[in-house]
A.B. asks: 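Below is one structure. I have some questions about it.
Atoms within a ligand are numbered from 1 in the order they appear, just like the ligands themselves. Keep in mind that this is a model prediction, so the values were computed, not measured.
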Amino acid sequence: MTSNVLYNNDNDEIPIIDFSIECSKKIKYACEYIGFCYLKNHGISNEFINEMFSIAKEFFIGISREEQLRYIMNDEYFGFVDLKQEACHDLCMKVLQSLAISLKIEDNEEGEGKNWFSKRHGYGMKSGDNFRILHYPPITIEEGKVSEDINYNQDIRAGSHTDYGSITLLFQKEIGGLEIQHPYTKKWIQVPVVPNAILINIGDLMEFWTKGLFKSTKHRVLFNKENMHLHRYSIAYFCHAGRDIGLDPIPSEFIIGRIREGEGIDEMNERKRITAGEHLRFKQENTYKPIIN
Ligand SMILES: O=C(O)CCC(=O)C(=O)O
Ligand SMILES: [Fe+2]
């Protein structure tokens with residue numbers, strides 16, 4: 001699909017959008033109908049992206065286990081990769097501005113308008129922002145064995161989830177496997193790797209702020225028969241609002257008066273969450289509890 005085509009609710013394709021400030025309507029459509037889009041001309045250089053993938057490779061298959069353990073992350077320290085987070089954060093701020101424009105967020109006393117989201121994602125703010133480098137190791141087939149154990153297209157490498165933050169930048173390279181669940185048809189759709197494009201998706205916070213207009217779409221990673229003998233890497237930058245930022249609906253003509261559809265992120269409705277930090281804690285507890293117990 002080209003970026004000039006508008007799409008209806010059950011169109012399966014993830015739009016590819018040339019990023020510029022004028023593209024805000026196209027991004028808005030993508031966020032409403034599918035929750036994902038590819039951005040081209042995003043301003044992050046190929047060298048930078050290739051460097052990130054080289055670091056990923058070096059970390060996962062170039063150094064010993066012992067050395068890997070020395071780079072465990074914590075709140076203040078970003079581990080092996082002191083990746084230039086700023087470049088990713090900057091791009092996220094541009095996307096958030098574009099979304100604020102598309103939603104015609106009203107200027108308030110501080111004149112926030114198009115900066116409504118970006119102001120809530122200040123670079124130094126304590127937030128859940130993080131980089132994650134994912135490594136999916138190859139499945140080695142011992143003669144005549146593993147093929148029976150793996151149910152291709154069903155066995156899962158990363159379980160179905162929505163992202164907890166505002167938006168996510170996902171860098172993919174060469175090897176696919178990601179699938180998203182179409183918010184309207186509920187069909188699982190494969191997400192191809194588009195060279196030189198960054199995949200962007202809406203996270204839960206955006207879904208809260210827009211009362212479900214923007215979709216925090218479920219996604220997962222499956223085994224892929226063709227590629228299972230290869231290492232798969234992906235790199236995600238999860239952009240979160242500051243922990244104290246509220247999740248009330250935004251002042252936009254598209255959102256005020258909107259009634260949230262019953263569908264969506266069910267478990268989130270079990271308990272009222274007020275801030276981005278509370279939502280993050282809730283999701284982390286629920287993600288890791290089953291493992292800890
Ligand atoms: O590896 C991928 O392609 C997706 C990873 C993902 O969805 C996540 O880490 O939240
Ligand atoms: Fe994800």
Side-chain angles (χ1 to χ4, degrees), residues 14 16 30-31 34-39 42 44 49 52-53 55-57 59-61 73 78-81 83 85 88 92 95 127-139 152-153 155-183 188-208 214-228 230-241 264-265 267-268 276 279-288 290-291:
I14 298 174
I16 301 173
C31 297
I34 204 153
F36 273 74
C37 65
Y38 296 97
L39 284 193
H42 39 69
I44 295 191
I49 295 171
M52 290 200 292
F53 278 99
I55 292 171
K57 203 165 165 187
F59 178 76
F60 285 107
I61 59 175
M73 297 200 294
F78 295 104
F80 187 66
V81 274
L83 286 167
Q85 291 216 69
C88 290
C92 289
V95 173
S127 74
D129 264 25
N130 69 87
F131 252 118
R132 196 174 302 151
I133 299 191
L134 294 131
H135 175 225
Y136 303 82
I139 307 296
Y152 302 103
N153 307 323
D155 278 356
I156 292 185
R157 309 198 90 176
S160 151
H161 66 280
T162 60
D163 289 347
Y164 317 160
S166 312
I167 51 172
T168 304
L169 306 183
L170 190 67
F171 300 87
Q172 304 189 90
K173 205 176 182 201
E174 291 152 17
I175 299 172
L178 179 66
E179 293 193 346
I180 66 171
Q181 188 177 38
H182 193 292
W188 285 96
I189 310 164
Q190 290 185 357
V191 181
V193 177
V194 174
N196 304 324
I198 301 176
L199 194 61
I200 308 264
N201 67 285
I202 290 294
D204 298 342
L205 304 185
M206 271 291 170
E207 184 159 318
F208 280 121
F214 286 178
K215 305 294 181 295
S216 181
T217 300
K218 278 192 181 156
H219 49 286
R220 65 184 183 188
V221 180
L222 288 196
F223 281 95
N224 179 321
K225 203 167 192 167
E226 294 77 52
N227 298 325
M228 57 167 253
L230 301 170
H231 291 268
R232 178 178 189 270
Y233 299 94
S234 64
I235 298 174
Y237 181 71
F238 300 95
C239 180
H240 286 248
I265 325 162
E267 76 270 27
M268 283 183 210
H279 177 61
L280 178 64
R281 228 176 9 257
F282 172 81
K283 292 294 279 193
Q284 283 173 335
E285 280 166 12
N286 281 276
T287 305
Y288 298 114
I291 301 169

A.B. asks: Classify the ring geometry of His279 against Phe208: parallel below 30°, tilted from 30° to 60°, perpendicular beyond 60°.
C.D. replies: perpendicular

A.B. asks: Going by the order shown, which atoms of ligand 1 are within less than 4.0 Å of some heavy atom of Arg132?
C.D. replies: 9 (O)

A.B. asks: Could you tell me, atom by atom, which parts of ligand 1 come under 4.0 Å of a heavy atom of Phe238?
C.D. replies: 8 (C), 9 (O), 10 (O)

A.B. asks: Does the Thr217 side chain pair with the main chain of Pro183, one donor and one acceptor, at a distance under 3.5 Å?
C.D. replies: no

A.B. asks: Tell me yes or no: between the side chains of Arg220 and Gln181, is some donor less than 3.5 Å from an acceptor?
C.D. replies: no

A.B. asks: Tell me which protein heavy atom sits closest to atom 10 (O) of ligand 1, plus the residue, atom name and distance to 0.1 Å.
C.D. replies: His161 NE2, 2.9 Å

A.B. asks: Would you say Cys239 and Asp129 make side-chain contact, with heavy atoms under 4.5 Å?
C.D. replies: yes

A.B. asks: Any idea which protein heavy atom is nearest atom 3 (O) of ligand 1, and the distance to it?
C.D. replies: Arg232 NH2, 3.0 Å

A.B. asks: What's the separation between atom CZ in Phe131 and atom SG in Cys88, rounded to the nearest 0.5 Å?
C.D. replies: 3.5 Å

A.B. asks: Identify, by name, the N, O or S atom of Asp163 lying closest to the Fe ion (ligand 2).
C.D. replies: OD1

A.B. asks: Can you spot which of Ile200, Ile235, Leu39 makes a side chain to side chain contact (heavy atoms under 4.5 Å, CB included) with Leu169?
C.D. replies: Ile200

A.B. asks: Need the atom name: nearest N/O/S atom of His219 to the Fe ion (ligand 2).
C.D. replies: NE2

A.B. asks: Starting from the Fe ion (ligand 2), look over the N/O/S atoms of His161 and name the nearest one.
C.D. replies: NE2

